[in-house]
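None of the values given here were measured: they were computed from a predicted structure.
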Amino acid sequence: MHAWLLPSTRAIFPRMKISRLCVGLVVGLGFVQLMAATPSPGRDINAVLAAHDRQLLELPAVVGVYVGVLADGKTPCLKVMLARPTPETERKLPREIEGYPVVTEISGEIRPLRP
């Protein structure tokens, strides 16, 4: 291809050094690839919880389920409250439901307050 057919890089990005442009392009393409590789959940997390809460509550030692976030403070997840950890419950609990991570926490027994 003839050099005169292509516009000069300096004409398009007059103040940017070529090395910065290349680094920015590589970082940008890596981010796009990471986002494409990360599965995004299809349904709203509250709808997912409503569809699966009974199934989770039927497992032994599960006393509650709710929508929470992971330790990063951003990523939504389904939290499963356990009265006590049991190998059977840990085996039966899915690691994710419809793309959302499932996280357990030990809450102890939960009883209603009586007047």
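Clustering ILVMFWY residues whenever any of their side-chain heavy atoms sit less than 4.5 angstrom apart, transitively, puts Val102 in a cluster other than the one holding Met81. Residue Val80 is not grouped with residue Val63 when hydrophobic side chains (ILVMFWY) are merged at heavy-atom distances under 4.5 angstrom, including chains of intermediate members.
Sorted by first and then second residue, the pairs that involve residues 80-95 and meet side chain to side chain donor-acceptor pair (under 3.5 Å), not counting sequence neighbours, are Thr86-Thr89, Glu88-Lys92. Listed by first then second residue, pairs satisfying side chain to side chain donor-acceptor pair (under 3.5 Å) with a partner in residues 102-112 read Tyr66-Glu105, not counting sequence neighbours.
Nearest approach of Cys77 to Pro101, heavy atoms of both residues: CB-O, 3.3 Å.
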Check: residues 44-60 side-chain donor-acceptor pairs under 3.5 Å, at least two apart:
unit_1 : atom_1 : unit_2 : atom_2 : d
Asp44  : OD2    : Asn46  : N      : 3.0
Asp44  : OD2    : Asn46  : ND2    : 3.3
His52  : ND1    : Gln55  : OE1    : 3.1
His52  : NE2    : Glu98  : OE2    : 2.9

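For the side-chain contact (heavy atoms from CB on, under 4.5 Å) test, no residue two or more places apart in sequence or in another chain qualifies with Val69. In this structure Pro85 satisfies the side-chain contact (heavy atoms from CB on, under 4.5 Å) test together with Ile106, sequence neighbours excluded.
In the hydrophobic clustering, Val103 connects to Leu70, either directly or through intervening members, whenever side-chain heavy atoms lie under 4.5 Å apart.
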